[in-house]
Amino acid sequence: MARIVEVEAYLGPEDLASHARFGRTARNAVMFGLAGIAYVYLVYGMYDCLNVVTEEDGVAGAVLIRAVEPLEGIEAMRRARFVVEGRRRAIREASDEARAAAAQRLAGVPVTRLASGPGLVAAAFGIDRTWTGTDLCDPASPVRLEPVPAADALADDAVRITTRIGVGYAGPDWADRPLRFVRRSHPSVSGPAAAR
DNA sequence: TGAATGATGCACT
DNA sequence: GTGCATCATTCAC
């Protein structure tokens with residue numbers, strides 16, 4: 001179990017940073033479907049990113065889960081990351097010593113940094129593209145969203161709103177929009193400590 | 001502490 | 001063929 005501490009909003013075809021910007025394609029079709037469904041895609045050929053569809057049926061929109069704070073099942077997340085990262089060719093073809101060193105490094109990653117990035121969130125939960133279409137609101141789903149207890153709700157000033165990461169290609173209009181929401185000063189937020 | 005870099009697969013043009 | 005909604009490592013300061 002983990003708590004979401006960083007998300008980015010991606011809108012419909014008008015949002016030049018969104019996968020929906022080219023309209024509906026085979027890859028992004030679920031973005032145009034029902035809310036609460038998972039949309040998982042591959043970036044840079046290596047990392048899966050978990051999105052949650054947000055808008056009503058027929059309207060594109062999703063929220064990218066960029067970082068979470070692990071709360072329970074820490075060792076399971078560590079194992080899942082080990083499995084996912086072990087699939088990479090550079091690791092697969094490495095020497096036994098190099099693989100052991102990689103495992104050693106992973107074992108030393110602090111809990112707060114176990115899922116502090118979009119690719120890491122997916123890896124920590126063992127999520128890949130085959131999860132696209134999974135209903136994250138179904139209580140029977142192995143990965144699901146649950147509401148935070150009202151008593152734990154964040155105050156407005158505990159949420160920092162910034163521009164999205166790595167979307168410069170979308171042009172200044174869309175790249176500069178305040179669509180990234182992070183928990184202020186939280187150690188599990190992605191990027192260097194100074195940026196939290 | 002920060003900038004540069006390499007790894008890697010696939011959707012889209 | 002091109003260009004990514006990234007991450008970890010290396011190197012310079």
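Each chain gets a letter, A, B and so on, in the order its sequence line appears, and its residues count up from 1.
- One N or O on the side chain of A/Glu8 and one on the backbone of A/Ile165 form a donor-acceptor pair closer than 3.5 Å.
- Applying the ring pair (Phe, Tyr, Trp, His ring centres under 6.0 Å) rule to A/Phe32 yields no partners; only residues at least two apart in sequence or on another chain are considered.
- Heavy-atom neighbours of A/Gln104 CD from other residues, nucleotides or ligands within 6.0 Å: at or below the threshold of 12.
- Separation of the C1' atoms belonging to C/dA8 and B/dC10 is 22 Å when rounded to the nearest angstrom.
- Interface residues of residues 11-20 of chain A facing DNA chain C, ordered by number: A/Ala17, A/His19; criterion, heavy-atom separation under 4.0 Å.
- Qualifying side chain to side chain donor-acceptor pair (under 3.5 Å) partners for A/Arg24, counting only residues two or more places apart in sequence or in other chains: none.
- Applying the side chain to side chain donor-acceptor pair (under 3.5 Å) test to A/Asp176 and every residue at least two apart in sequence or in another chain returns nothing.
- Within 4.0 Å (heavy atoms only), A/Arg113 reaches no atom of the nucleic acid at all.
- Scanning for side chain to side chain donor-acceptor pair (under 3.5 Å) contacts around A/Asp152 gives an empty result, with sequence neighbours left out.
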>> Show me the dot-bracket string of DNA chain B, counting Watson-Crick or G-U pairs under 3.5 Å, with | for pairs to another strand and [ ] for crossing ones.
In response: |||||||.||||.

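- Residue A/Phe181 places its CZ atom among more than 12 non-hydrogen atoms of other residues, nucleotides or ligands, all under 6.0 Å distant.
- A distance-only check finds a donor-acceptor pair linking the side chain of A/Ser18 to the backbone of A/Leu11 [under 3.5 Å].
- Applying the side-chain hydrogen bond (donor to acceptor under 3.5 Å, both in side chains) rule to pairs touching residues 52-62 of chain A yields nothing, sequence neighbours excluded.
- Residue A/Met31 is not grouped with residue A/Val52 when hydrophobic side chains (ILVMFWY) are merged at heavy-atom distances under 4.5 angstrom, including chains of intermediate members.
- Within the 4.0 angstrom heavy-atom criterion, only backbone atoms of the sugar-phosphate kind lie near A/Phe22; the bases stay farther away.
- Running 5' to 3' along DNA chain B, contacts with non-hydrogen atoms of chain A at under 4.0 Å begin and end at B/dA7 to B/dT13.
- From A/Met77, atom CE reaches atom CE of A/Met1 across 8.5 Å, with rounding to the nearest 0.5 Å.
- Within the structure, every pair that satisfies the side-chain hydrogen bond (donor to acceptor under 3.5 Å, both in side chains) test and touches residues 158-171 of chain A, not counting sequence neighbours, is listed here: A/Asp15-A/Arg164, A/Thr162-A/Arg180.
- The CG atom of A/Leu136 lies 8.5 Å from the CD1 atom of A/Ile65; values are rounded to the nearest 0.5 Å.
- DNA chain C is contacted by no residue of residues 25-39 of chain A, taking any non-hydrogen atom closer than 4.0 Å.
- At a threshold of 4.0 Å, the pair A/Arg184-A/Asp157 does not count as salt-bridged, since none of the basic side-chain nitrogens sits closer than that to a carboxylate oxygen.
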With 3.5 Å as the limit, what N/O pairs link the protein to nucleotides 6-8 of chain C?
from  : atom 1 : to       : atom 2 : distance (Å)
C/dT6 : OP2    : A/Tyr44  : OH     : 3.3
C/dC7 : OP1    : A/Pro118 : N      : 3.1
C/dC7 : OP1    : A/Gly119 : N      : 3.1
C/dC7 : O4'    : A/Tyr47  : OH     : 3.0
C/dA8 : OP1    : A/Arg81  : NH2    : 2.8

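- Stacking of A/Tyr169 onto the six-membered ring of C/dG3 is not present when judged by under 5.5 angstrom between centres and under 30° between planes.
- A/Arg3 is linked by a side chain to side chain donor-acceptor pair (under 3.5 Å) to nothing, counting only residues two or more places apart in sequence or in another chain.
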